[in-house]
There are 2 protein chains.
Amino acid sequence: MVDELAEPNILALENQVCFALAIAARTVIGLYRPLLEPLGLTHPQYLVMLALWQESPRSVKNLSAALSLEPATLSPLLKRLEAAGYVTRERSSSDERMLDLTLTPAGRALREVALTIPPRVASALNMSVPELVQLREVLHGVIASTATTSAAAA
Amino acid sequence: MVDELAEPNILALENQVCFALAIAARTVIGLYRPLLEPLGLTHPQYLVMLALWQESPRSVKNLSAALSLEPATLSPLLKRLEAAGYVTRERSSSDERMLDLTLTPAGRALREVALTIPPRVASALNMSVPELVQLREVLHGVIASTATTSAAAA
DNA sequence: CGCATATCATTAGTGTACTAACTAAATCCG
DNA sequence: CGGATTTAGTTAGTACACTAATGATATGCG
């Protein structure tokens with residue numbers, strides 16, 4: 001009651017960056033759902049495929065660092081990608097603690113199909129390329145800020 | 001191979017807005033975790049509390065619209081908030097199909113504690129207030145773009 | 001060499017979050 | 001009155017994402 005005058009904004013839902021971030025992320029990932037569904041991929045799986053298309057034999061640890069996902073999250077996810085036939089999981093011959101994650105021919109071929117996805121998402125977003133670039137830059141700023149924070153804390 | 005020259009960027013992880021969005025959301029929500037843990041709230045539960053602090057007797061449907069969360073997601077979440085003693089769930093007297101979600105005294109009191117959270121998150125983000133406002137505006141732009149898209153599609 | 005430590009992957013358990021299909025109660029309207 | 005709609009809940013299934021513990025392999029030091 002009094003608070004609504006004394007503290008009008010601090011806890012208002014519309015003013016929370018975290019709220020906007022959570023909704024925007026869910027919304028945008030939702031845009032990918034129908035596009036990825038024909039490829040048999042979820043959005044996190046798509047991100048893993050993007051990482052593997054950039055560099056193919058990678059370890060779980062390496063992927064974990066690249067995607068900021070815990071190994072515990074990636075492990076079952078990678079098994080699903082293996083079951084889908086896009087990836088093979090083999091112990092590294094040089095260090096048997098590590099797993100060599102390698103694209104199968106089907107996984108490599110999927111890249112051609114995936115090339116159509118970013119333009120379709122961009123058009124679904126109704127945003128110009130400069131706007132998208134600005135958004136990405138701002139988000140990278142957030143990620144970088146928190147990265148330095150946690151590094152300083154550690 | 002050839003693609004890496006012909007299509008250098010389209011599928012690069014660093015260029016994906018969705019990737020930046022997913023990481024930023026996870027990272028920022030992660031900042032809340034230690035702050036919300038003493039209150040016994042998860043981040044989605046915190047968003048529900050924010051909504052109830054703004055307007056207290058609300059229905060599930062109303063919350064669902066405000067938070068862009070499905071009733072099927074809210075239903076178990078609200079039961080946890082009830083179990084925590086922050087919310088009561090009672091059938092509306094005027095329309096027994098609806099649930100009146102009301103703050104308990106403990107739920108209302110929690111707001112005072114919550115007032116300390118946004119500034120602490122802001123400082124953890126290492127971003128200036130104008131930067132945070134810009135980020136929020138850009139994100140609201142994303143949400144609005146997709147909202148109009150789905151409205152047009154529907 | 002051999003044990004302690006570190007690293008990497010996996011598992012278990014909890015908690016969202018989504019879709020989809022279905023139940024059930026209450027209200028609205030013809 | 002009676003069917004259609006609305007609202008909430010439930011269930012089943014899939015998939016993240018986290019923490020913490022476990023297992024297995026490497027490595028390094030005495």
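- A donor-acceptor distance shorter than 3.5 angstrom exists from the side chain of B/Arg91 to the backbone of B/Glu96, with no hydrogens or angles considered.
- What separates CG of A/Leu41 from P of D/dA15 is a distance of 11 Å, to the nearest Å.
- Hydrophobic clustering (ILVMFWY, side-chain heavy atoms < 4.5 Å, transitive): A/Leu77 and A/Ile29 are in distinct clusters.
- Put simply, CD1 on B/Ile29 is 12 Å from C1' on D/dC18, counting in whole angstrom units.
- Checking the phosphate oxygens (OP1, OP2) of D/dA8, no side-chain nitrogen or oxygen of B/Ser75 falls inside 4.0 Å.
- Between the side chains of B/Thr104 and B/Arg108, no donor N or O sits under 3.5 Å from an acceptor N or O.
- Residues B/Asp100 and B/Ser92 are in side-chain contact: their nearest non-hydrogen atoms beyond the backbone lie under 4.5 Å apart.
- Side-chain atoms of B/Thr73 and B/Glu70 form no donor-acceptor pair, as typed in the model, at a separation below 3.5 Å.
- With hydrogens and angles ignored, a donor-acceptor pair closer than 3.5 Å exists between the side chain of B/Arg97 and the base of D/dT6.
- Taking 4.0 angstrom as the limit, A/Arg91 places none of its side-chain polar atoms (N or O) nearer than this to OP1 or OP2 of C/dC8.
- Rounded to whole angstrom, the span from the CG atom of A/Leu78 across to the C1' atom of D/dA17 amounts to 14 Å.
- Side-chain nitrogen and oxygen atoms of B/Arg89 include none within less than 4.0 Å of the OP1 or OP2 phosphate oxygen of D/dA8.
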Nucleotide-resolved protein contact map, nucleotides 13-24 of chain C, B/S/- at heavy-atom distance under 4.0 Å
--SSSSS-----
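- Nearest to the side chain of A/Met98, among C/dC8, D/dG9, C/dT27, sits C/dC8.
- Per the geometry, OH belonging to A/Tyr46 stands 15 Å off P belonging to D/dC16, to the nearest Å.
- Here B/Ser92 lies out of heavy-atom contact (under 4.0 Å) with every strand.
- Considering only residues two or more places apart in sequence or on other chains, B/Arg89 meets the salt bridge (Lys or Arg N to Asp or Glu O under 4.0 Å) condition with B/Glu82.
- Contact annotation: A/Lys79 does not reach the phosphate of D/dC16 (side-chain N/O to OP1 or OP2, under 4.0 Å).
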